[in-house]
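Index from 1, following the sequence. Just so you know, these numbers use all the heavy atoms, side chains as well, and skip hydrogens, waters and symmetry mates.
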Amino acid sequence: ARRPGTPPRGRLPLGNLFASPNGPPRVAGAVLSAYMGSGMVPRSSSAPVRPAIRAPSAARRVSPRSSPSLSARSSASAGVAGLGAAVRERLVAMARPPQLSSGPPRRGPLLGLALLCVALLPRQLVALPARVEGRQLLVRNVPVHLKGVCWNPVRKGGVHPKDLDFRGFVEADAELMAQAGINSIRTYEAIEDPEVLDVLWSKRIFVFNTVYVWGGLPIEKVIDRVKAVRDHPAILAWVIGNEWNYNGLYVGLPFPEAVKRVKDVADLIKSVDTTHPVATVHGEMPSMDTLRHLSNIDIWGINRYSGIDFGPLFLQWSTISKLPIFLGEYGADAYDSRRSEPNEADQAKATMELTGQIVKASSVHPPGVCIGGFIFEFADELWKDGSGDPYKHNIGGVSPGGGPYPDFTFNEEWWGIVRWDGTPRKAYWAYAAVEAPGRAPIEDSQLRGAGRAALESRLKPLRTQACGAHAACMGKIGFCCPSKQGIWDRCCSISVTARTTPPPATTTWRASSGHSDGRPDGRPGGRRCPGDYLETPGVFLVGKFQVSKVGCKGTAECQFLDLWSAEEFCDQQPTCTGVVLNPFEDNCAGQLGCYTARHGLHKTDLRGSRIAAWNAIGGRAWIRHDRAGCPAGGAPFAASPQVSQVGRYVFLGHFKAVEAQAACKGIGRLAMPKNSEQRRDLLAFLEAGKAAGKFSDAWPQNTIWLGGQYNPTAARWMWNDNTRADDITWGGGQPSAAATNQMAEPWLCMLLNGDVHDAEAP
């Protein structure tokens, strides 16, 4: 219950960190963890917490009138009730907005105590009330100027909105933004995840959160979106629509209906949150009639692309409205259609000039009318050319007569101030150099010379290491490939389809091992022509080869540690019809291997539904098929001396880079030729494969993936078994991305002639 004299929900004083006006609080997260001292011990789930803290003296205790009510959280807060005002003041300081003119907060002697409280106590997020006063946007009575970016993070190869991944990119992108002095973002979809906001707030980045952009969404959904994050200090304003006067809220609503929808949504937002202003983004200048109909809008955003000058925009606005204005989108793309080539210099020029005009019109210094702007956009989006390949940087745009400098053509996939991989463009450094009113400028030494080079080297790999850059890591927060500790998450080498569907069926192909007597162990006996093994879901092989009869290893039947060994054995047995993988742990009985060669008919009715269950838990079967041109009926063949040193290599088919990492699991691993002997064996296999029609001189049939990746933490190439890849036979001009950003092409591949290249990860 609210105590008499306390403010209503949504205007909770900052000192009342432990009260809960809106349901159960969340546990303290990443924002506060950055303040942890080296002497702190993490809380263990098994060991009791024994805080070695004396209760403060009576003189330092807080009186009941000034302390927040903790009765609603008695069980959680009992251990901290006596810690006193200094602790609360420390936590309050962590929730404050950016220091506009002062340096970083001082660390007092009770820092460790405050963090011990965080470990014991649930956290209640505290909204920072923002309000419009005249033409200013105030936070805690301080006018704010937005040095912002439009943020819509979609990985290379992904599409919007299906692959929009705030969680996957927030760590990397927030770091890149902070280094450029960016203090705000505008989204095109709602951020409803407090953990994403935690990361942004740790960098003191505010959010203009778009909660309604698509007219097909029932407007009642806005209530849940607002309630989900209205108490987070990173939220600065709610946004409705994007150029809805052009697109009818992306469903083609007639203009009068679109106006009414925007008005209704604004009313709904204000019914559940009076702490933050409501904004809308309009294409170019709205009419006075539109402004009258939407009198419940607090701030207006304008998207404008008019070359390198906004013209009379700010003067015009001052004559038709007393509200503040911001630029919802502005800027220039990095491709010049006049010359059919990238043009970063003119993108940077437009960034400097247009942002400078926004700063001059800033309402931080009256009589300015503009609270700032969001440059379009933070990073390239490779999905935007609908006729192109989302894995490639496509060229294509429209020229409507007006548009961005210098070619007045919208090249949709080239707008980022950083490239899709996070490499800063010249526009990034130009934007970083702009001084936002009310904020300390970035030191010049960071933007030029050795300081800039060092910073750029640190920033380049961030986006490619982000979890969001890898399809199978989508939804994970932070860095996955690798982490900041240099650890590669398992999701880095899993294809996205493998998460939801069984592994794709494979057809394996092996060259002859070339034993002249027909048996690898030198014993007499005929050998069949090597077969092709086709993985066949829904079947099972029942006939077992007994260890006592054929002289193999196993506890009862013949067992093998890998697929190709089982296939080689199967080729030696005239009655063998395929190989089965038994889905059990620890390499099955005796740890001798889970692959077993089998004979007899393959069945699809293994006691009714049991075969389905066997498949579901990982059971797999490969059926042997004789190759064309081989002797029928299991007749022996003469091994070719040209392929006598092929090693144990198996050809599975054609895969993309990430898929290839997963395709070999359960069968073996990707080829890692570490020395001249292993390279010779691999090249002999490739030659045999080419003769068999598996490879050719045409791309991509002339290239194979190797089991190696670039590790940006170690700044070197590594094999997948975590050993250094020092002896690489690079082709001419390779690795091609070494001089720019190696994480843009982090994989290893090899041509049929043995030349190794770096490669992208489509």
Side-chain angles (χ1 to χ4, degrees), residues 7-14 16-17 20-23 25-26 28-32 92 94-98 123-132 137-152 166-167 170 173-174 177-178 182-213 221-242 265-266 268-281 297-299 301 324 326 328 371-372 374:
R9 201 224 65 75
R11 297 194 180 275
L12 189 66
L14 282 178
N16 196 357
L17 284 176
S20 178
N22 183 33
R26 297 190 306 105
V31 177
L32 301 187
V92 169
M94 294 179 187
R96 284 175 183 152
R123 177 183 63 164
Q124 172 59 46
L125 294 175
V126 181
L128 289 179
R131 75 179 193 278
V132 172
L137 174 61
L138 303 179
V139 177
R140 288 172 51 106
N141 297 318
V142 176
V144 173
H145 182 91
L146 306 171
K147 182 180 176 181
V149 289
C150 297
W151 188 48
N152 196 58
F166 292 129
R167 289 179 63 84
V170 66
D173 288 357
M177 292 175 195
I182 291 165
N183 67 356
S184 50
I185 62 169
R186 176 169 87 89
T187 64
Y188 293 87
E189 302 286 347
I191 297 178
E192 301 177 69
D193 187 343
E195 288 188 74
V196 171
L197 297 175
D198 285 346
V199 176
L200 292 167
W201 189 237
S202 73
K203 303 294 183 183
R204 293 305 185 257
I205 295 172
F206 284 117
V207 180
F208 265 51
N209 201 10
T210 298
V211 291
Y212 193 87
V213 73
K221 294 288 185 182
V222 169
I223 294 176
D224 294 333
R225 290 179 170 184
V226 171
K227 284 183 175 180
V229 291
R230 64 187 175 187
D231 293 318
H232 201 288
I235 295 295
L236 188 55
W238 310 111
V239 180
I240 305 169
N242 178 60
V265 172
L268 265 182
I269 293 172
K270 292 187 173 188
S271 72
V272 293
D273 181 39
T274 58
T275 308
H276 304 97
V278 176
T280 190
V281 177
I297 296 296
D298 303 304
I299 313 172
F326 67 92
I371 61 171
F374 299 92

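Note: Thr274 OG1 to Arg131 CZ = 13.0 Å, rounded to the nearest 0.5 Å. Interatomic distance, CG of Leu138 versus CD1 of Ile371, reported as 10.5 Å (0.5 Å rounding). The structure places CE of Met177 at 5.5 Å from CD1 of Ile205, a figure rounded to the nearest 0.5 Å.
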Mind running side-chain contact (heavy atoms from CB on, under 4.5 Å) on Ile191 and Ile185 for me, showing each step along the way?
-> CA-CA 11 Å; Ile191 297 178; Ile185 62 169; 4.3 Å; yes
After noting the C-alpha distance and the side-chain angles of Ile299 and Phe326, does the key distance pass the side-chain contact (heavy atoms from CB on, under 4.5 Å) rule?
-> CA-CA 8 Å; Ile299 313 172; Phe326 67 92; 3.5 Å; yes
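Looking at every heavy atom in both residues, Pro194 comes nearest to His232 through O-NE2, 3.7 Å. Nearest heavy-atom pair across Ala266 and Ile240 is N-CD1, 3.5 Å. For the residue pair Leu200 and Ala174, the shortest heavy atom distance occurs at CD2-CB, 4.2 Å. Closest of all the heavy-atom pairs between Val281 and Gly241 is CB-O, 3.7 Å.
Within the 4.5 Å cutoff, no side-chain heavy atoms of Asn242 are placed close to those of Thr210. Tyr212 is not listed as a side-chain neighbour of Ile269, based on a closest heavy-atom distance of 4.5 Å or more. With a 4.5 Å cut-off on side-chain heavy atoms, Arg140 and Leu128 count as touching. Side chains of Ile182 and Trp151 form no contact here, defined as non-hydrogen atoms less than 4.5 Å apart. Two residues are said to be in side-chain contact when any heavy atoms from C-beta on lie closer than 4.5 Å; Leu137 and Leu236 meet this criterion. Counting only heavy atoms from C-beta outward, the side chains of Thr187 and Phe166 approach each other to under 4.5 Å. Using a 4.5 Å cut-off on side-chain heavy atoms (C-beta onward), Arg230 and Thr275 make no contact.
Under the side chain to side chain contact (heavy atoms under 4.5 Å, CB included) test applied with Trp238, the options Val265, Val229, Val222 reduce to a single match, Val229.
Arg186 places a side-chain N or O within donor-acceptor distance of the main-chain N or O of Gly328, the cut-off being under 3.5 Å. Looking at Arg225, its side chain never comes within 3.5 Å of a backbone N or O of Ala190 through a donor-acceptor pair. The backbone N or O of Glu189 sits nowhere less than 3.5 Å from a side-chain atom of Asn152 that would complete a donor-acceptor pair.
Taking the centre of each ring, Phe206 and Trp201 come in below the 6.0 Å mark.
For the residue pair His276 / Asp298, no side-chain donor-acceptor distance below 3.5 Å is found, with atom types taken as modelled.
By the side chain to side chain donor-acceptor pair (under 3.5 Å) test, Asn209 is found to be paired with no residue, residues two or more places apart in sequence or in another chain being considered.
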